[in-house]
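Only one structure is covered here, and it is reproduced in the block below.
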Amino acid sequence: MDQRSSSHVLIFPFPVQGHVNCMLRLAELLCHESSIHVTFLNSEFAHQRLLRYTDLHLRFSSYPNFYFRTISDGLPADHPRTGDRVVDLFNSINAVTKPRFREMLSSGSLQSSGRPPVTCIIADGIMCFAIDVGNELRIPTILFRTFSASCFWAFFCVPKLIESGDLPLNGESDMDKLLENVEGMENVLRLRDLPSFCRTTDLSDRGFLSVILATLRTTRANGLILNTFEDLEESALAQIRKHIPNLYTIGPLHAHLRARVSSSRGELPWRSSSSLWEEDRSCMAWLDEQPLKSVVYVSFGSMTVLTRNQFLEFWHGIVNSGKAFLWAIRPNSVIGDDNIPAELIEGTRKKGYMVGWAPQEEVLVHPAVGGFLTHSGWNSTLESICEGLPMICWPFYADQQVNSRLVGAVWKNGVDMKDTCDRITVEKMVKELMEVRRDEFTKCSNRMAKLARKAVTQHGSSYSNLDRLVEDLKKMKLQL
Ligand code: UDX
């Protein structure tokens with residue numbers, strides 16, 4: 001076949017856990033559903049970790065048109081790449097990765113005897129410089145934002161929030177004030193529910209500017225992919241479509257992949273782990289011994305950093321609730337010394353289990369798990385929704401402040417513990433979730449799980465949108 005008649009998609013994620021895993025799922029879906037050539041451009045750092053902790057090559061070995069390539073993220077290997085230092089990553093990607101990305105594409109080094117030239121770039125929306133490179137080389141670019149549509153829309157409305165005087169914050173800002181200028185979400189978002197980057201008193205703040213400009217520039221791309229589904233974020237999606245009509249909502253991607261791959265192979269693809277840390281599977285055997293729906297799973301994701309005081313308050317609150325718990329606490333995610341009070345060690349021995357990194361997708365499916373204390377990362381939120389698990393939300397940064405508000409005030413499948421984590425509140429909320437308001441939350445959670453499943457089965461909205469994306473990608477040819 002003439003190579004120029006085949007499509008070749010370059011997928012380029014922002015190189016941190018929550019972005020890499022969902023863009024890998026997209027890559028696998030494209031390979032599974034078509035013969036399109038797909039190159040996944042990962043950072044050297046993230047790729048080394050994937051090779052070390054997953055069976056990545058085996059997972060993709062059945063897709064002959066799939067390739068991995070790597071690029072530097074510009075940071076030294078020992079940089080923590082945590083949420084509190086994410087601006088370092090923005091800066092280094094701009095300074096180091098961006099010119100190399102351009103060079104990689106313009107030199108034609110991504111094509112080879114078996115591989116046609118790149119016909120479309122699907123880049124993480126945070127790295128919107130990909131649009132400029134695409135324009136220069138006449139390659140269409142579709143952006144992929146890994147967080148909620150509601151967060152994207154809130155970012156999009158920031159110029160209006162500046163105009164109305166809600167932003168920047170000042171000493172007198174009332175964080176509980178309901179915002180009138182995030183259209184479609186009036187009476188939902190308060191100032192404290194805006195993405196963490198908006199919590200600034202300085203409009204020239206680097207983190208704030210990066211995400212706002214990247215969001216506004218999305219209108220220049222050939223389309224936008226979101227890991228969400230229509231029934232979940234109807235009003236934000238309706239608003240976004242007014243500005244970006246070519247919108248592909250194809251999530252929840254983990255469930256979508258599971259649905260498509262298992263329906264064709266008759267198996268659950270648990271081998272789809274994309275962990276950048278080593279999964280400690282011993283917790284699965286511990287879960288097997290726990291009663292039905294009795295365990296609270298606790299995890300703050302891949303980038304949260306806790307102070308020692310926050311860590312101890314959570315720990316006391318969870319132990320004092322008397323509920324069984326499984327806590328995935330990432331290595332080096334707590335600042336400060338590790339002198340642990342004896343009552344916590346004793347409480348954990350009786351009712352708890354702690355690991356450094358859990359096989360989270362499997363944990364959330366386990367029948368012993370009855371609730372999720374989460375940082376409201378978008379992947380975790382979607383994974384929890386799909387399993388019908390109610391949540392206690394303690395957002396740390398980025399989109400998480402918006403996501404937790406959706407849980408507490410819109411979907412009502414859990415509680416939003418935003419901006420506080422004293423032991424009394426933690427204990428109270430764990431009891432509410434697992435006991436006092438359990439029926440109420442379970443009802444809402446089950447309803448949402450049903451909608452999520454519907455979206456990714458044949459004729460569902462996400463299923464149809466992925467088919468449309470595949471068809472559009474096939475039509476894209478080099479405009480030379
Ligand atoms: C952050 C953002 O908050 C998120 O919304 C954004 O889109 C990506 O960056 P992160 O802290 O990585 O995310 O959280 P989340 O989006 O929830 O992703 C974490 C992923 O790691 C999930 O897929 C989860 O299943 C996995 N995980 C987490 C594990 O496999 N094991 C663990 O122990 C913890």
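Just so you know, ligand 1 is whichever comes first in the structure, and atom 1 is the first atom listed for that ligand. Given the structure is predicted, the values throughout are model-derived calculations rather than measurements.
Aromatic ring centroids of His19 and Phe14 lie under 6.0 Å apart. Checked against the 6.0 Å centroid criterion, the rings of Phe68 and His57 qualify as a close aromatic pair.
Within 4.0 Å of ligand 1, protein heavy atoms come from Gln17, Gly18, His19, Asn21, Thr146, Phe147, Ser275, Tyr297, Ser299, Gly301, Ser302, Met303, Ala328, Trp357, Ala358, Gln360, His375, Gly377, Trp378, Asn379, Ser380, Glu383, Asp399, Gln400.
Between Glu234 and Arg241 there is no salt bridge, since no side-chain N of the basic residue sits under 4.0 Å from a carboxylate O of the acidic one. Here Asp231 pairs with Lys454 in a salt bridge; the nearest charged N to carboxylate O distance falls below 4.0 Å. Salt bridge Lys450/Glu387: absent, no basic N to carboxylate O contact under 4.0 Å.
Partners of Ala214 under the side-chain contact (heavy atoms from CB on, under 4.5 Å) rule, at least two apart in sequence or in another chain, are Cys128, Arg145.
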